[in-house]
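First the structure, in the form of C-alpha cells, and then the observations on it.
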Amino acid sequence: MIKFSKKSKIKKHFYNRRFSISSQIALIFGISTFVFVACFSFCITAILRSSVLHQKSEDLLNNSVRLCTSLSSPEVQNELKRLSDIVVTDSVNIYRALQNSYDLVGRVVRQERIPYYISYTLYYKYEGICYLLASNDPYLPLLQQTENFVPRRYYEKAYYADGDLNILYLTLPSGIFYVQSSVNMDTDSIDKMLSILPIIMIALSLPLIAVSFLSARLFAARLLHPVAEITRTAKEISASNLDRRIAQRDVHDELQELGTTFNDLFARLQADFEREKRFTSDVSHELRTPLAVLLGHLDLLRRWGKSDPKILDSSLETLYTETKSMQALIENLLLLSRSERQNQPEMLIIRLKPLLKKLIDDQLLIAPEVQFTLECEESATLFTNSDILVQILRILITNSIAYSEKPAKICIKFVPNPKQLLICDKGFGIDAKDIEHIFDRLYRTDESRNKNTGGSGLGLAIAKTLVQNLGGTIKAQSEGTGKGTTMEITFDK
C-alpha cells in the first residue's frame, strides 16, 4: 500500500482546489503588476544611473579642461618645468621643490574654483618614469591614460583598508605634464540612493499590487456574472423544462453571443427531444396494433382455435403477415438510425443514364406492369455516391408504385442546370395539408390506404436522410389528391 507523505498530501490538496476565474484573473493581474513595477523600477534606475554618470562625466570633463588650461599657461609651465627638473635630478632639494609645486598647483585650483569633490594628480614623465608633482589625494593610483576626452570608470575591491576604490577618472595633457582628475563614486549619495531605488519602489508598490488584485477580482467577478447566470440556468435545465432559456442582455459582447449560442443549443436539444419523444410514441403506437393482433390470435389458438383447421390456417396467415410487417418496421427503423449517424460517403463522378436504366430494369423484374419513362441525356454526369443514390431512387419508386393505380406510370427525369432528379407519377397525389409532413418519420396521409399498401411511414424519412448525407435536398410537389406527385432531388454539385 502506497502512503502519501504530508508534503504530497498538501500538494495534492493544492492541485485539487478550485480557483474561480475571477481569482485567476486577479492573480494574473497582480503578478503582472508586480513584474511591471519591478521592471519599471530597474529600467528607471538604469536610466537615472546613466543620466547621473553622464552628468558627472560632463562635470569632470569641464573642470579637468579648466584646470589643464590654467596649468598650460607659460608662466605656470616654466615654473613647473623648473621644479620637475629639481625633482628628477636634485635629491637634496626634492622636498622643497615638491612643496613649491603643490603650492603652485593648489593656487591654480583655488583660482579656477575647482570643486572640492574632484581629486587631481599632476605628474611628469621622464624616461618612462612618472614623477608626482602635486595631488590633493596622494593615495590614488596613477591609472592608464584615457582617450578622446572620455572619462572611464575604475573599480578595485579592498583597495583601502576600510573599503573599495570606485572612481570616475580622466587623464588630460597640460603642456608637457599630465593631469589625472577623478570623482569618488562610492561616497556619492545619489549613487547610493540609486542602488536601493528598486527595492524602495517595489516595497512602495505592494499596496498598489494589493489594490490592483482586489480591484481586478471585483471587476472580473462583475464581468463574469453572466457566465455564472449561464451556468446556473444550464444546471436548472432538464428534460422536464427544456423550454427554459438564458436571459439575454442588451450589451453586444462575447458573453451575449455565448448566451445566444447556448439558447440555440437548448432549442435544438428541445426540438430533438420532442422529435424523439414523438418518434417513440409513434413507434409504440405502430407496434401496439400488430402486437394486439398477435396476442389475440395466439390466445384464440391457445384456447380452442388449434383444433379448427380453418381458424388455424387463418390465424397462422395473420400471424405471418403481422410479423413480417413488424420486421419491416424494425428494419426500417435501424436503417434510418444508421443513415442519421452515417459519415460523409465517398463521392465520385458517375454517368447517370446507364445507372438509371439499370435501376429501371431491376424494378421491372419485380413489377413488370409498371410503365417507366426516362428523360436523361447520354452525357449527363453527377458527383455522388451511386449506391446511396440507387437506394434513394428505389424508395421513391416503390412509394410511387404503392400509391398509384395499376399499372403505375412513373417518369424519371434529369435536369442539368441546376442538377435535379425528378420522379413523377400519376398516382393518388398528396393533399396540401400533408405535403409538409410526408418526410416526417411514421407520418402517413391515409391510414386505411397505408394498411392496404403495407407502408410503415419511414420510407420517405429514410430517403430524406440519405439525400442529406449526399449534400442535397429533397421536396415533394403535388397539385392535390388524384393528381400525381413529383419528388424533386436537388444536388449541390
Side-chain angles (χ1 to χ4, degrees), residues 46 49-91 94-95 97-188 190-191:
R49 281 182 182 276
S50 177
S51 177
V52 169
L53 182 61
H54 177 74
Q55 183 179 359
K56 288 186 175 183
S57 298
E58 289 291 328
D59 187 29
L60 179 62
L61 177 61
N62 293 334
N63 286 284
S64 298
V65 169
R66 286 171 47 217
L67 179 60
C68 289
T69 303
S70 297
L71 293 174
S72 298
S73 64
E75 296 82 3
V76 176
Q77 286 287 311
N78 292 332
E79 181 63 20
L80 288 175
K81 180 66 172 69
R82 185 183 68 82
L83 295 173
S84 64
D85 290 339
I86 297 173
V87 170
V88 172
T89 60
D90 190 354
S91 59
I94 184 173
Y95 295 108
L98 286 174
Q99 183 177 2
N100 291 334
S101 65
Y102 268 75
D103 293 340
L104 176 60
V105 174
R107 287 196 302 271
V108 173
V109 169
R110 290 191 296 274
Q111 182 180 352
E112 292 297 328
R113 298 181 182 276
I114 303 300
Y116 71 92
Y117 53 82
I118 293 182
S119 300
Y120 62 87
T121 300
L122 178 69
Y123 63 92
Y124 172 66
K125 280 188 178 182
Y126 179 75
E127 295 182 355
I129 301 174
C130 295
Y131 293 92
L132 181 68
L133 297 179
S135 176
N136 65 347
D137 191 354
Y139 294 103
L140 289 176
L142 292 179
L143 303 173
Q144 294 180 358
Q145 293 188 14
T146 56
E147 299 177 353
N148 301 324
F149 294 87
V150 178
R152 294 175 61 178
R153 193 80 177 262
Y154 180 80
Y155 177 81
E156 185 175 342
K157 189 171 181 63
Y159 179 79
Y160 299 107
D162 57 349
D164 306 327
L165 177 63
N166 184 11
I167 60 173
L168 181 69
Y169 78 96
L170 181 67
T171 303
L172 296 177
S174 178
I176 62 173
F177 303 97
Y178 292 92
V179 176
Q180 177 181 300
S181 56
S182 61
V183 176
N184 193 343
M185 304 292 289
D186 199 34
T187 58
D188 191 274
I190 296 179
D191 200 62

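Just so you know, these numbers come straight off a predicted model, no measurement behind them. In what follows, every heavy atom counts, from backbone to side chain, and hydrogens, waters and symmetry copies are set aside. Along the sequence shown, the residues carry numbers beginning at 1.
- The minimum heavy-atom distance between T121 and S135, with the atom names listed, is OG1-OG, 3.2 Å.
- Take Y169 and apply the ring-ring contact (aromatic ring centres under 6.0 Å, His included) test, not counting sequence neighbours, and it matches no residue.
- Rounded to the nearest 0.5 angstrom, D137 CG and N184 CG are separated by 8.0 Å.
- Residues Y95 and N100 form no side-chain contact, since every pair of their non-hydrogen atoms from C-beta on lies 4.5 Å or further apart.
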Pair E147, R152 - check side chain to side chain contact (heavy atoms under 4.5 Å, CB included), show working. CA-CA 9 Å; E147 299 177 353; R152 294 175 61 178; over 6 Å; no

Please step through side chain to side chain contact (heavy atoms under 4.5 Å, CB included) for the pair N166 and Y159, ending with a clear verdict. CA-CA 9 Å; N166 184 11; Y159 179 79; over 6 Å; no

List the atom pairs, with distances to 0.1 Å, where a side-chain N or O of residues 70-85 and a protein N or O form a donor-acceptor pair under 3.5 Å, not counting sequence neighbours.
unit_1, atom_1, unit_2, atom_2, d
S70, OG, R66, O, 3.2
S70, OG, E112, OE2, 2.5
S72, OG, C68, O, 2.6
S72, OG, S174, OG, 3.1
S73, OG, S70, O, 3.1
Q77, OE1, I176, N, 3.3
Q77, NE2, L71, O, 2.6
Q77, NE2, S174, O, 3.0
N78, ND2, P74, O, 3.0
E79, OE2, R82, NH2, 2.5
K81, NZ, D85, OD1, 2.8
K81, NZ, D85, OD2, 3.0
S84, OG, L80, O, 3.1
S84, OG, K81, O, 2.8

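- Atom CG of L61 is separated from atom OG of S181 by 8.5 Å, given to the nearest 0.5 angstrom.
- When the options N63, L170, I167, I118 are evaluated for a side-chain contact (heavy atoms from CB on, under 4.5 Å) with V183, the one that passes is I118.
- Here the closest heavy-atom approach between residue A158 and residue D164 is recorded as N-OD1, 2.6 Å.
- Checked by atom type and distance alone, the side chain of S50 never pairs as donor or acceptor with a backbone atom of A46 at under 3.5 Å.
- By the neighbour-count criterion of 12 heavy atoms within 6.0 Å, atom CD of E156 is densely surrounded, having more than that number from other residues, nucleotides or ligands.
- Judged as a ring-ring contact (aromatic ring centres under 6.0 Å, His included), and not counting sequence neighbours, Y102 has no contacts.
- Remark: K125 qualifies as a cation-pi partner of Y178 under the 6.0 Å distance and 45° angle criteria applied to the six-membered ring.
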What verdict does the side chain to side chain contact (heavy atoms under 4.5 Å, CB included) test give for L165 and L140, after you've listed the backbone C-alpha separation in whole Å, the side-chain angles of each residue and the deciding distance to 0.1 Å? CA-CA 9 Å; L165 177 63; L140 289 176; 3.8 Å; yes

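- Although no hydrogens or angles enter the test, the distance criterion places no donor-acceptor pair under 3.5 Å between the side chain of D59 and the main chain of Q55.
- No side-chain heavy atom of F177 sits less than 4.5 Å from a side-chain heavy atom of Y123.
- Counting heavy atoms of neighbouring residues, nucleotides and ligands inside a 6.0 Å radius, atom OH of Y139 does not exceed 12 of them.
- Residues V179 and T171 fail the side-chain proximity criterion, which asks for heavy atoms closer than 4.5 Å.
- I86 has its side chain out of reach of I94: every pair of non-hydrogen atoms, C-beta onward, lies at least 4.5 Å apart.
- Counting heavy atoms from C-beta on, the side chains of V109 and N136 never come closer than 4.5 Å.
- The CG atom of L104 lies 10.0 Å from the CG atom of L133; values are rounded to the nearest 0.5 Å.
- Taking both residues in full, the closest heavy atoms of L168 and L60 are given as O-CD2, 3.3 Å, listed atom of the first, atom of the second, then distance.
- The two residues Q180 and L143 come nearest to each other via the heavy atoms OE1-N, 3.0 Å.
- Residue-environment remark: OH (Y155) exceeds the threshold of 12 foreign heavy atoms within 6.0 Å.
- The heavy-atom pair separating C130 from L142 by the smallest distance is CB-CD1, 3.8 Å.
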